[in-house]
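Some notes on the structure that comes next.
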Number of protein chains: 2
Amino acid sequence: MKATIYDVAREAGVSIATVSKVINAKGKISQERREEIFAIMERLHYQPSVIASALTGKHTFTLGLLIPDIANPFFGEVARAVEDRGHQLGYSVIICSTDNKDERIEQYISVLKQKRVDGIIIGTGMENTDILRDLGESMPVVIIGREVSAVSVHTVVADDWQGGRSAAEHLLLLGHRRMAVLSESLTVSSSRERLHGFKQRLGEEGVMMSERHVRPCKQRMEDGKREAAALLQGSDRPTAIFCCNDLLAVGALQAAKEAGIRVPSELSVVSFDNTILASVTDPPLTSIAQPMEQLGASAVDLLLEQFAQEAPTVKHRIALRTELIVRESTACVNLAYPIDN
Amino acid sequence: MKATIYDVAREAGVSIATVSKVINAKGKISQERREEIFAIMERLHYQPSVIASALTGKHTFTLGLLIPDIANPFFGEVARAVEDRGHQLGYSVIICSTDNKDERIEQYISVLKQKRVDGIIIGTGMENTDILRDLGESMPVVIIGREVSAVSVHTVVADDWQGGRSAAEHLLLLGHRRMAVLSESLTVSSSRERLHGFKQRLGEEGVMMSERHVRPCKQRMEDGKREAAALLQGSDRPTAIFCCNDLLAVGALQAAKEAGIRVPSELSVVSFDNTILASVTDPPLTSIAQPMEQLGASAVDLLLEQFAQEAPTVKHRIALRTELIVRESTACVNLAYPIDN
DNA sequence: CTGAAAGCGCTTACAG
DNA sequence: CTGAAAGCGCTTACAG
């Protein structure tokens, strides 16, 4: 049988209260006793039960992580960062892939509450933000990777606006003037910000994009491919496309290939996220890197911070800088290739 | 405050035992009482505490999943499958990325034990298999994706041997005779099996591979690239390479590109796993697909099965069929390109 | 510095 | 069909 605190106490000839104190480094216990008790715990392979101590009001040392899909490389990397920071600090993480479905979200939240997790990190989209509001009132929460302005919670995001600007900046420097954007759904704040930053930077140089050059897509690769194909057959074909995530950029690459348009000599492509996908395509993608490690780590820190304070405090919003990673999908506008038919 | 079983009992004018029985559908409770109590639970938003019921000897409804790295797309997909099957059956999963380090493995196992998870799925490599043996004796365990023959535990794997044969078969049909392999570390059983199946099928057609055409690599892409580059500069350059995972194949593609060798016209590449990476490269990779969903689901089923039976039973070993997915990285040996210098 | 006792929110024989 | 009571393995005032 597994040893309990009673076994340790009996063996040491003390009360379980004393053992509990040495385990938790509370109260004053004489040095000798402490060492003796540690020795006994070791000998009996005693491991305190997290279950029992959680029931007594302490933490479960478990966190919930809600994301759209753990199989998506971007969220996989974020999850790894959350896991690592949590592990360092003594917390485990339960993964919850929601597919952005409110129903799954509510199911998962209900389970996490029943398991009394200490806090929840939310990286998933949802229709009904009331879910979030209620949740935020009943336990520590932090949102990662997006804004939900309707609700007041701690938030950590990449600086999407600045990322969009960097993408524009890079392309402008390469001489591009006729550009297009493959964006995600514009109901997502991060997509809006990326687009906004991109357009704004263009505007500063007097460069305008026609509305039909801005194409919102669903998350998937095929969508990116289809929209990019449409973009590439117009007579005012863009010389550069800014894609709001790596998957979309892969689609753009494929569309260009099918249309017989070479990247980067005839078309530059900049993507966003810089997941492993960006380094695997041909050509490898120039991409705006999100600091996924920091994103995950900060989210955990912000969450644990809330355990400490009793009163609800002002909600933080952390925006982390993105970084332009130049690979081979971008080049100077090449005038040798006429772009007007 | 959150409602407890006492609140429900008081409200219903019954004992907590009765409430407990209706929650767990145990014993005989009159239909009326049952319905009345359900109504009250609903009204009070009562949710039973998993913590408390776990302490009383019941399940925690939580599983541990040990894998090398959740950020690796292959394991991301497996994790998603495990999560989904678990969720269906009422279980949550805690992710544990081990980096294949025994130290991390032991830390995680210790945490999982303290949290009294109901079982552990192991998809990670380890040096010291004693860890596994001990673990298997103290709680339900299933190994996924590899064999650890030294220890008797339930196992679910892809049929790696058959997968290796399929790869060989495909290449033979395309007329290839001079082939090479980029394998993972041969200490991993699945790699050995893939290689073995591949060689064996070749042998059946009287095709031999020289020893220097079999190159074990570490997991990483750069490794694959370096080894492939070495392979491609010999005078007896292979016309086809079988890569034991997608990442290695990406490396091979890159090496070929740098050497100015075209895929598939001058070199065919077959990979293994069929993760998202295989569909994103240029050309997209012909790959031996592992049934990742089934792998995950079967692992969960095999684990839960163990909760039912008291006595340790014969250990199962499930090998799931792989499937050849033909994309554009393979083609007939092209005699137009002389391969001998 | 140490311990007795109550309590966390449940489940499970057992008795009626 | 229903309930009283013990117990799961801890922590926490409180008293000494």
Side-chain angles (χ1 to χ4, degrees), chain A residues 1-38 40-41 44-62 90 110-118 307, chain B residues 1-38 40-41 44-62 90 110-118 307:
Chain A
M1 247 358 277
K2 247 178 110 34
T4 71
I5 199 172
Y6 290 97
D7 301 318
V8 177
R10 186 183 326 111
E11 203 75 359
V14 299
S15 73
I16 60 166
T18 301
V19 177
S20 174
K21 278 165 201 151
V22 347
I23 294 171
N24 299 293
K26 283 206 176 154
K28 298 280 148 201
I29 308 286
S30 66
Q31 181 68 13
E32 297 169 67
R33 269 216 192 304
R34 176 185 311 283
E35 279 169 8
E36 186 192 344
I37 290 174
F38 270 126
I40 291 171
M41 294 196 300
L44 300 184
H45 301 294
Y46 170 70
Q47 304 270 86
S49 159
V50 174
I51 299 287
S53 88
L55 188 58
T56 334
K58 295 225 309 183
H59 293 168
T60 53
F61 295 98
T62 305
S110 157
V111 171
L112 292 175
K113 277 182 172 175
Q114 287 189 45
K115 294 196 174 163
R116 280 251 320 268
V117 297
D118 296 325
F307 302 166
Chain B
M1 246 2 274
K2 249 178 110 33
T4 71
I5 198 171
Y6 290 98
D7 300 319
V8 177
R10 188 182 326 112
E11 202 75 0
V14 300
S15 73
I16 60 165
T18 301
V19 177
S20 173
K21 276 166 201 149
V22 348
I23 294 171
N24 299 294
K26 284 207 178 156
K28 299 279 148 204
I29 308 285
S30 67
Q31 182 68 12
E32 298 169 66
R33 267 216 193 302
R34 177 185 309 282
E35 280 169 9
E36 186 192 345
I37 289 175
F38 270 126
I40 291 171
M41 295 197 299
L44 301 184
H45 301 292
Y46 171 70
Q47 304 271 87
S49 159
V50 175
I51 299 288
S53 87
L55 187 59
T56 335
K58 294 226 308 185
H59 293 169
T60 53
F61 295 98
T62 305
S110 157
V111 170
L112 293 174
K113 278 184 172 173
Q114 288 190 44
K115 295 197 173 160
R116 279 251 319 266
V117 296
D118 296 326
F307 302 166

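All values below were derived from every heavy atom in this structure, side-chain atoms included, with hydrogens, water molecules and symmetry-related copies excluded. Since the model is a prediction, treat every value here as computed from it, not as a measurement. Proteins come first, then strands; the chains are lettered A, B, ... in the order of their sequence lines, and each starts at number 1.
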Side chain to side chain contact (heavy atoms under 4.5 Å, CB included) involving Leu55(B) - partner list, sequence neighbours excluded: Ile51(A), Ala52(A), Leu55(A)
Those residues that, when tested against Ser110(A), pass side chain to side chain contact (heavy atoms under 4.5 Å, CB included) (two or more places apart): Gln114(A), Gln47(B)
Any N/O donor-acceptor pair, Thr56(A) side-chain to dC10(D) base, under 3.5 Å: yes
Distance-only donor-acceptor test (3.5 Å): side chain Tyr6(A), base dC10(D): yes
In whole angstroms, how far is the [atom2] atom of [N] from the [atom1] atom of [X]?
X: Asp7(B); N: dC8(C); atom1: CG; atom2: C1'; result: 13 Å
X: Ile37(B); N: dT2(D); atom1: CD1; atom2: P; result: 8 Å
X: Glu36(B); N: dT2(D); atom1: CD; atom2: C1'; result: 14 Å
X: Ile5(B); N: dC8(D); atom1: CD1; atom2: P; result: 18 Å
X: Lys2(B); N: dC10(C); atom1: NZ; atom2: P; result: 9 Å
X: Leu55(A); N: dA6(C); atom1: CG; atom2: C1'; result: 13 Å
X: Arg116(A); N: dC10(C); atom1: CZ; atom2: P; result: 10 Å

Contact summary for [X] and [Y], nearest pair of heavy atoms:
X: Val117(A); Y: Thr60(A); value: CA-OG1, 3.5 Å
X: Pro48(A); Y: Ile23(A); value: CG-CG2, 4.2 Å
X: Tyr46(A); Y: Val8(A); value: CG-CG2, 3.7 Å

Counterpart residues, salt bridge (charged side-chain N to carboxylate O under 4.0 Å, His left out), relative to Arg10(B) (two or more places apart): Asp7(B)
Any donor-acceptor N or O pair under 3.5 Å, side chains Thr18(A), Ser15(A): yes
Listed partners of Glu36(A) passing side-chain hydrogen bond (donor to acceptor under 3.5 Å, both in side chains), at least two apart: none
Range-with-range stems of DNA chain C (Watson-Crick or G-U pairs under 3.5 Å, three or more in a row): C:1-3 with D:14-16, C:5-12 with D:5-12, C:14-16 with D:1-3
Note, Thr62(A) side chain near Lys115(A) side chain (heavy atom, < 4.5 Å): no
Residues within residues 9-24 of chain A bordering DNA chain D, heavy-atom distance below 4.0 Å: Ile16(A), Ala17(A), Ser20(A), Asn24(A)
